[in-house]
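Below you'll find the structure, written out as structure tokens, and then a few comments.
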Amino acid sequence: MDFAHQALVDNVPLTKRDMYYKDVPLFKAQRTVDRLVDDLAVTLGLERADLKIRAASKGLICGTGLTIHLLEGEAISINDLEGTLIPTGEIIERFELKGDISWVLVVEKEAVFQTLCRFQFASHRSLPGPGLIITGKGYPDVATRQLVKTLSDNLPAHIPIVALVDGDAYGLDILSVYKYGSHSLRHQNKKLAASRIEWLGIWASEISDLDIDLDTLIPITLHDEKKAGESFLPQLTTDCPYRKELTRMLHIRRKAEIEILSSSSSQKSNSLIHYLAHKVCHFIEMSA
């Protein structure tokens, strides 16, 4: 409470990471600060930004045609060769799109994101038009969710917004945070949930069609089984495609991880590019 009060008095934003390092022996873990800040905001009926407290940015974006204008006057131009750090929503004035984009791809893992940047996938010749690629580096921070939400609310309906996550309970949990919101920030879910986002892959049901040997996949762990069976499946309807894929994962006892298509070898990287190009084109056709 004192840290938030001082930030408001000084009118100087404070990150949750800053708060943690102000008294490490007291907090003991970063998650303690995260929980206290969220609880304080809910108790006071405020958003975290109203307390001058921010989460440090970690998400990245690459692509062409997008400029982010900040309140202080700076303009950040996105390119398709490397990732640009996504700024927090509190310091963004507006977004500017120059030219058309055809698709938006949200990627679970930074390593896959960097591979796609290296191949300039955002403007790849195998695609019908340029796009944007975003990663939250696992579970997304608020800034990344705000950006995906903004795109979901403002881009025309014919531009698909799709996600590439692992075909397991954790990958689908990350997708659900983007699409439906998170439990920890449930009071902000209406402002953060991007309902348009769809699951591009990777699906357990695709493994045989991709000529991938089941023995090369990582076996599921007890944690995977518990996450799927106790935390996730009971929340899904019987006709939900998420449920069907998780059930298949439990049946084959293997996880469909993105890495099976994103090995460092040239052949595997090209397999990733081919897979994504095919799937993105499919979603563009379906959205037309």
Side-chain angles (χ1 to χ4, degrees), residues 1 3-22 27 30-42 44-63 66-79 82-97 104-110 113 117 132-155 161 163 174 177-194 197:
M1 181 77 80
F3 292 150
H5 178 261
Q6 194 61 50
L8 288 167
V9 170
D10 296 340
N11 196 31
V12 177
L14 187 69
T15 69
K16 293 191 292 184
R17 197 66 175 165
D18 292 335
M19 292 181 63
Y20 170 65
Y21 281 114
K22 283 180 179 292
F27 295 121
Q30 179 67 55
R31 63 178 176 273
T32 304
V33 177
D34 297 344
R35 186 179 66 253
L36 289 173
V37 169
D38 291 338
D39 289 347
L40 178 61
V42 172
L44 297 176
L46 300 171
E47 293 188 12
R48 191 172 57 202
D50 297 325
L51 300 172
K52 291 292 182 182
I53 298 174
R54 303 172 180 168
S57 297
K58 68 166 185 168
L60 300 172
I61 180 171
C62 78
L66 177 65
T67 301
I68 303 175
H69 294 272
L70 306 183
L71 291 171
E72 295 181 349
E74 181 183 355
I76 303 174
S77 296
I78 311 304
N79 68 82
E82 60 183 356
T84 299
L85 189 67
I86 299 170
T88 59
E90 295 86 358
I91 67 172
I92 296 175
E93 178 188 16
R94 61 187 174 91
F95 297 94
E96 180 185 4
L97 269 177
V104 176
L105 173 65
V106 178
V107 180
E108 174 186 347
K109 299 177 178 179
E110 182 185 8
F113 174 88
C117 288
L132 298 172
I133 308 173
I134 297 167
T135 182
K137 300 181 183 179
Y139 283 94
D141 60 336
V142 171
T144 304
R145 292 175 61 189
Q146 286 174 328
L147 173 60
V148 176
K149 168 67 170 174
T150 299
L151 294 172
S152 176
D153 288 347
N154 292 282
L155 288 179
I161 302 176
I174 289 170
V177 170
Y178 283 107
K179 189 175 182 69
Y180 304 113
S182 64
H183 179 74
S184 62
L185 292 178
R186 56 190 178 278
H187 59 290
Q188 295 188 47
N189 282 343
K190 288 185 179 180
K191 296 183 178 181
L192 294 174
I197 193 169

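Excluded from the calculations below are hydrogen atoms, water molecules and symmetry mates; all remaining heavy atoms, backbone and side chain alike, are included. The structure displayed is predicted, hence computed values, not measured ones.
For Ile76, the side-chain contact (heavy atoms from CB on, under 4.5 Å) partners two or more places apart in sequence, or in a different chain, are Ile68, Leu70, Glu74, Ile78, Thr84, Pro87. For Lys179, the salt bridge (charged side-chain N to carboxylate O under 4.0 Å, His left out) criterion is met by Glu198, not counting sequence neighbours. Contacts of Lys109 classified as side-chain hydrogen bond (donor to acceptor under 3.5 Å, both in side chains), with partners at least two apart in sequence or in another chain: Asp166, Glu259. Ser182 is linked by a side-chain hydrogen bond (donor to acceptor under 3.5 Å, both in side chains) to Arg145, counting only residues two or more places apart in sequence or in another chain. Taking the side-chain hydrogen bond (donor to acceptor under 3.5 Å, both in side chains) definition, one finds that Thr144 meets it with Asp141, sequence neighbours left out. By the side-chain contact (heavy atoms from CB on, under 4.5 Å) test, Thr150 is found to be paired with Phe95, Asn154, residues two or more places apart in sequence or in another chain being considered. Residues meeting the side-chain hydrogen bond (donor to acceptor under 3.5 Å, both in side chains) test with Glu110, sequence neighbours left out: Gln114. Partners of Glu96 according to the side-chain contact (heavy atoms from CB on, under 4.5 Å) rule, which considers only residues two or more places apart in sequence or in another chain, are Thr67, His69, Arg94, Lys98.
Minimum interatomic distance between Ala194 and Val148 (heavy atoms only, all atoms of both residues): CB-CG1, 3.7 Å. Minimum heavy-atom separation, Val107 to Phe113: CG1-N, 4.1 Å.
With values rounded to the nearest 0.5 angstrom, Ile91 atom CD1 is found 7.5 Å from Leu71 atom CG. A distance of 7.5 Å separates OH of Tyr178 from CD1 of Ile134, quoted to the nearest 0.5 Å. Taking CG of Leu132 as the start and SG of Cys62 as the end, the distance is 8.0 Å to the nearest 0.5 Å. With values rounded to the nearest 0.5 angstrom, Lys191 atom NZ is found 10.0 Å from Gln146 atom CD.
Within the 4.5 Å cutoff, the side chain of Ser152 has no heavy atoms near those of the Ile197 side chain. Looking only at side-chain heavy atoms (C-beta outward), Ile92 and Leu147 stay at 4.5 Å or farther from each other. Contact annotation: the side chain of Val142 approaches that of Leu192 to within less than 4.5 Å [non-hydrogen atoms, C-beta and beyond].
The closest donor-acceptor contact from the side chain of Lys149 to the backbone of Ala193 lies under 3.5 Å. Using modelled atom types, no side-chain atom of Thr135 and backbone atom of Leu60 make a donor-acceptor pair closer than 3.5 Å.
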